[in-house]
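The structure appears right after this line, and notes come after that.
All values below come from the heavy atoms of this structure, side chains included, with hydrogens, waters and symmetry mates left out.
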Amino acid sequence: MTVERKHWLGIDWLRAIAAFGIVGCHLDLKEVAPRAKFLFYYTDLNVGLFALIAGFFMARQLQAKPLRFGGFVASRAARLLPCYLFWTLVFLVFSACFDVLAHHPVFPEIGHLKWWGSVLFQGEAMFHLWFLICLFYAQAVLFPLVFWSVAGPEKKGAILFALGVAGTFLSAVAVAPEWGWFMVYPLRLASFLLIGAGFSSLLPFLARIPKSVCVCALAAGLVAVQFLPWGIYEYARTLVVVLPAFLCAVQADVRSAKMAALGKILGGASMGIYLVHPIFTTFNREIIRLCELPKTLPVVAGDWIFAWGCALGVTLIALRIPRLKKVFV
């Protein structure tokens, strides 16, 4: 495997799979269809996967073009904050319109300063927007560690990797009971960022791991998630799948030009799918309720594919419009 690639086709496909899985994660598979419960264990892994990929490319960027702290934070702010504010506005308007149609009170907390703080700084405009703002926070906070690791030997990457693994378990056993979700999820995100950054420094070592070992480890992890109980094992569940999946992706050799092109399209649309899909899952959920459809596996599968397809279509259209492209990638 060449470690100085300019483009990673396997990671394109990994992003595409993660985006599809996240749509399913927000369909409440664990509750709506007993036969679909086993799928929830796989969909719940994908936010960690996105964070790991972000950490990997953060480190690769700093390796290619070292930046000072101020320059790095400014570049991330220019990249993430306009996107975050745009989607915050979109989902505030969407939520207001949906509440009016459903005859629900529209923003009863609008006069409370705490509510505005949670909307602007915690991503409360919609349940998934926390990822964007927390990605900005985490990359800014972790910049010194990642910058330190990319300029040194492989053992620095191993230290980052170990800190990331430790952080995933810390969020389960120490932080979660005391600080609630807003510290649990950012700590998980930061932990997977560290793991991804550590992987970047460890690439020369990881390149020597046989592909067959990576594939077998991934297969074992996919089986293991069905048997690990909840609690602290939830984080082990994520690790045993995400780590070998990423190793398989960076070692993947996509030889088919058509598969490579399709991977670029779907991978490039992955963040747009993540950002826009709640509009369609929310409408689908309301249609299913109004039509009194039983929440069986075929209904849930149709909901999942339809929501993903609509989000993909909207994203591909938006990516052709220069003024919208920056808020969809």
Would [X] and [Y] show up in the same hydrophobic cluster when neighbours are defined by side-chain heavy atoms closer than 4.5 Å?
| X | Y | result |
| --- | --- | --- |
| Leu247 | Val213 | yes |
| Phe280 | Phe127 | yes |
| Val23 | Ile287 | no |
| Ile279 | Met271 | yes |
| Val314 | Phe306 | no |

Is there a donor-acceptor pair under 3.5 Å between the side chain of [X] and the backbone N or O of [Y]?
| X | Y | value |
| --- | --- | --- |
| Tyr274 | His128 | yes |
| Gln251 | Ile209 | yes |
| Trp148 | Phe143 | no |
| Tyr137 | Ala190 | no |
| Trp304 | Phe20 | yes |
| Tyr185 | Phe131 | no |

What heavy-atom pair brings [X] and [Y] nearest, and what distance separates the two atoms?
| X | Y | answer |
| --- | --- | --- |
| Ala16 | Gly267 | CB-N, 4.1 Å |
| Asn46 | Ile17 | OD1-O, 4.1 Å |
| Pro82 | Ala77 | CD-O, 3.2 Å |
| Val241 | Gly221 | CG2-O, 3.5 Å |
| Ala138 | Leu189 | CB-CD2, 3.6 Å |
| Ala51 | Leu193 | O-CD2, 3.4 Å |

Note, [X] side chain near [Y] side chain (heavy atom, < 4.5 Å):
| X | Y | result |
| --- | --- | --- |
| Leu27 | Asp303 | yes |
| Leu206 | Val250 | no |
| Trp13 | Leu262 | yes |
| Ser149 | Ile159 | no |
| Cys248 | Cys214 | yes |
| Glu292 | Leu290 | no |
| Arg320 | Leu316 | no |
| Trp130 | Val47 | yes |

Show your reasoning for whether side-chain contact (heavy atoms from CB on, under 4.5 Å) applies to His277 and Ile22.
-> CA-CA 9 Å; His277 82 269; Ile22 283 175; 3.8 Å; yes
Would the number of heavy atoms belonging to other residues, nucleotides or ligands and lying under 6.0 Å from CZ of Phe136 be above 12?
-> yes
Flag if over 12 foreign heavy atoms under 6.0 Å of CZ, Arg68 = no
What's the separation between atom [atom1] in [X] and atom [atom2] in [Y], rounded to the nearest 0.5 Å?
| X | Y | atom1 | atom2 | result |
| --- | --- | --- | --- | --- |
| Lys156 | Ser201 | NZ | OG | 9.0 Å |
| Ile195 | Thr168 | CD1 | OG1 | 5.5 Å |
| Leu312 | Ile265 | CG | CD1 | 9.0 Å |
| Phe50 | Leu52 | CZ | CG | 12.0 Å |
| Leu129 | Glu124 | CG | CD | 10.0 Å |
| Ile317 | Phe328 | CD1 | CZ | 9.5 Å |

The residue among Phe205, Phe57, Phe192, Phe161 that forms ring-ring contact (aromatic ring centres under 6.0 Å, His included) with Phe199 is Phe161
Residues Thr281, Asn284; criterion side-chain contact (heavy atoms from CB on, under 4.5 Å); working and verdict | CA-CA 5 Å; Thr281 55; Asn284 287 358; 5.6 Å; no
Determine, step by step, whether Leu319 and Thr315 satisfy the side-chain contact (heavy atoms from CB on, under 4.5 Å) criterion, reporting the C-alpha distance in whole Å, the side-chain angles of both residues, the deciding distance to 0.1 Å, and the verdict.
-> CA-CA 6 Å; Leu319 291 178; Thr315 299; 4.0 Å; yes
Tell me if the centroids of the rings in [X] and [Y] come within less than 6.0 Å of each other.
| X | Y | value |
| --- | --- | --- |
| Phe121 | Trp116 | no |
| Trp8 | Phe56 | yes |
| Phe147 | Phe72 | no |

For the pair Cys83 and Leu275, evaluate side-chain contact (heavy atoms from CB on, under 4.5 Å) and give the outcome as yes or no after the intermediate values.
-> CA-CA 10 Å; Cys83 181; Leu275 291 168; 3.8 Å; yes
